[in-house]
Amino acid sequence: MATQFALMINGTSCSVAVALLLLALGASGQLQVGFYSKSCPSAESTVASVVRGASASDSTILPALLRLQFHDCFVRGCDASVLIKGGNNSAEVDNAKHQGLRGLDVIDNAKAQLQTQCPGVVSCADIVILAARDAVAFSGGPSFDVPTGRLDGKVSNLRDADVLPDVHDSAQVLRSKFAAGGLDDKDLVLLSAAHTVGTTACFFMQDRLYNFPLAGGGRGSDPSIPDDFLAELKSRCAPGDFNTRVPLDRGSERVFDTSILRNIRNGFAVIASDAALYEDTSTVDVVDSYSGLLGTIFGPYFRQDFADSMVKMGSIGVITGSNGEVRKLCSKFN
């Protein structure tokens, strides 16, 4: 698993669209920006400090935290269910769809500090959202407000994570899975563009490189991959190599930008699910709208819209009221 832009092109302020969306959410009585302003005034700054500290020793933790929000919100909603450790391989996090998930220790660290400052106030679900927001900003992406006020869920089941999007999914399947969470084709492209930072393991590329079903029968390499790029990928991911990591955004993996969408448009998508976005008319137009030169001048504005989609994803399946709890430890139910 993975922010946008604003009226100020440097991405330091939240877009008007985000602000309007947050006002709507606050009006619904569910979430609001600054939810902890009185009950735990240091909540957001504490999470930011923990994320900054973690990234100082390991910069790869930033895209990992962004992925963590995606994996939490797409399963049962943004309820921190992915953080629960069951002990008998029956918890959601034990599902193979969460393979390689990182950043849980960063959330635990932030929670421990907040429990000292404001015991029983800040939910783990909100910490996940805040940490992902900060990870985007610290990666050079936009800074934006996120509403808080979520409670932690009381359920975490292994099989619930089967619904997560998969690297082998077609665009049609991806669109269906995103739609189930209230996200549209534009959100699908924007949130996939979070792959502008970070890497993937060769494990997720093996089938595309060596076991792709061919039209004439048999299996081989995905014929849609340009020859030179295919040779490049094979040189980095040999048959049976599951662990080597490869940048998801060829040539720009350390910069938060639209390069990932240009790569998808030009046939240089690293994983199959990214490539699929340029194989369906519903998503091709969205990719083109952000990857062309005119888009950077006249819009749509990638950074602004990415922030909007992050806020929207963070509102999936939110728990409030008596249906949830504020965990003392993010890895255990109370």
Side-chain angles (χ1 to χ4, degrees), residues 3 12-14 18-19 21-56 61-62 64-73 77-84 102-139 141-154 307 310-334:
T3 38
T12 57
S13 67
C14 181
V18 169
L21 177 58
L22 299 185
L23 285 173
L25 289 168
S28 71
Q30 293 185 353
L31 304 177
Q32 62 183 33
V33 172
F35 180 85
Y36 298 110
S37 59
K38 294 183 179 179
S39 59
C40 191
S42 61
E44 296 199 19
S45 61
T46 296
V47 174
S49 177
V50 170
V51 171
R52 182 179 284 108
S55 66
I61 200 63
L62 296 177
L65 288 168
L66 182 52
R67 182 187 182 214
L68 184 60
Q69 177 184 332
F70 181 90
H71 278 245
D72 184 39
C73 292
C78 308
D79 63 351
S81 56
V82 74
L83 305 180
I84 293 295
R102 301 169 56 223
L104 285 73
D105 57 328
V106 178
I107 306 302
D108 287 341
N109 186 4
K111 177 62 176 179
Q113 293 191 30
L114 290 171
Q115 275 294 95
T116 298
Q117 299 169 19
C118 319
V121 174
V122 183
S123 70
C124 301
D126 276 342
I127 295 173
V128 170
I129 298 296
L130 292 169
R133 183 272 305 271
D134 294 334
V136 169
F138 297 157
S139 297
S143 298
F144 53 98
D145 289 331
V146 293
T148 45
R150 300 164 187 78
L151 290 178
D152 300 320
K154 300 178 181 180
M310 285 290 290
V311 171
K312 192 173 177 182
M313 176 174 64
S315 303
I316 298 174
V318 166
I319 297 175
T320 58
S322 61
N323 295 322
E325 63 184 12
V326 175
R327 294 181 203 147
K328 296 179 179 66
L329 292 173
C330 291
S331 60
K332 293 176 59 178
F333 299 122
N334 289 344

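Because the structure is predicted, anything quoted here is derived from the model rather than measured.
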Check: Got a sec, which pairs hit salt bridge (Lys or Arg N to Asp or Glu O under 4.0 Å) with one end in residues 37-47, sequence neighbours left out?
Finding: E44-R133

Next item on the list: Could you tell me which residues satisfy side chain to side chain contact (heavy atoms under 4.5 Å, CB included) with R102, sequence neighbours excluded, listed by chain and number?
Entry: D58, T60, I61, A64

Check: Atom CG in L130, atom CD in Q69: separation rounded to 0.5 Å?
Finding: 9.5 Å

Check: Taking only residues at least two apart or on different chains, which pairs with a member in residues 313-323 satisfy salt bridge (Lys or Arg N to Asp or Glu O under 4.0 Å)?
Finding: none

Margin query: Using the side chain to side chain contact (heavy atoms under 4.5 Å, CB included) criterion, which residues pair with K332? Sequence neighbours excluded.
Written below: L329

Next item on the list: Without swapping roles, check the side chain of S139 against the backbone of A135 for a donor-acceptor pair under 3.5 Å.
Entry: yes

Next item on the list: Taking all heavy atoms of F138 and all of V51, pick out the closest pair and write down the distance.
Entry: CD1-CG1, 3.7 Å

Check: Hey, are the side chains of L31 and V318 touching, using non-hydrogen atoms and a 4.5 Å cut-off?
Finding: yes

Checklist line | Minimal non-hydrogen separation, L68 against V82, with atom names | finding: CD1-CG1, 4.0 Å

Next item on the list: Would you name the heavy atoms of V121 and Y36 that are closest together and state the gap between them?
Entry: O-CE2, 3.4 Å

Margin query: Nearest 0.5 Å, please: how far is OG in S55 from CG in L62?
Written below: 4.5 Å

Next item on the list: Measure the shortest side-chain to side-chain distance between V106 and V50 over non-hydrogen atoms and say whether it is less than 4.5 angstrom.
Entry: yes

Item checked: For N334 against K328, the heavy-atom pair lying closest together -> OD1-N, 2.9 Å

Notebook entry, point to check: Would E325 and I319 satisfy side-chain contact (heavy atoms from CB on, under 4.5 Å), going step by step from the backbone distance to the final call?
Noted result: CA-CA 9 Å; E325 63 184 12; I319 297 175; over 6 Å; no

Next item on the list: In sequence, state the C-alpha distance, the side-chain angles, and the governing distance for R327 and L83, and then conclude on side-chain contact (heavy atoms from CB on, under 4.5 Å).
Entry: CA-CA 11 Å; R327 294 181 203 147; L83 305 180; 4.2 Å; yes

Margin query: Tell me the closest heavy-atom pair linking S315 and C78, and the distance in Å.
Written below: N-SG, 4.3 Å

Check: Residues in side chain to side chain contact (heavy atoms under 4.5 Å, CB included) with L114, at least two apart?
Finding: C40, A43, T46, V47, Q117, V122, I127

Check: Can you name the residues that form a side-chain hydrogen bond (donor to acceptor under 3.5 Å, both in side chains) with D79, not counting sequence neighbours?
Finding: S81

Next item on the list: Sequence neighbours left out, what passes side chain to side chain contact (heavy atoms under 4.5 Å, CB included) with F35? Give chain and number order.
Entry: Q32, T148

Notebook entry, point to check: Do you know the tightest heavy-atom contact between A131 and I107?
Noted result: CB-CD1, 3.8 Å

Next item on the list: Rounded to the nearest 0.5 Å, what's the gap from NZ on K154 to CG on N323? Could you check?
Entry: 7.5 Å

Note to self: Donor-acceptor check, side chain of D152 to backbone of A125, threshold 3.5 angstrom: yes or no?
What the structure shows: yes

Next item on the list: Quick one: list whatever passes side-chain hydrogen bond (donor to acceptor under 3.5 Å, both in side chains) with D108, sequence neighbours left out.
Entry: none

Note to self: Taking the side chain as everything from C-beta on, heavy atoms only, tell me whether K111 gets closer than 4.5 Å to V326.
What the structure shows: yes

Next item on the list: Go through the steps to decide whether C73 and I129 satisfy the test side-chain contact (heavy atoms from CB on, under 4.5 Å), and finish with yes or no.
Entry: CA-CA 9 Å; C73 292; I129 298 296; 4.0 Å; yes

Check: Can you list every salt bridge (Lys or Arg N to Asp or Glu O under 4.0 Å) pair that touches residues 113-131, not counting sequence neighbours?
Finding: D126-R150

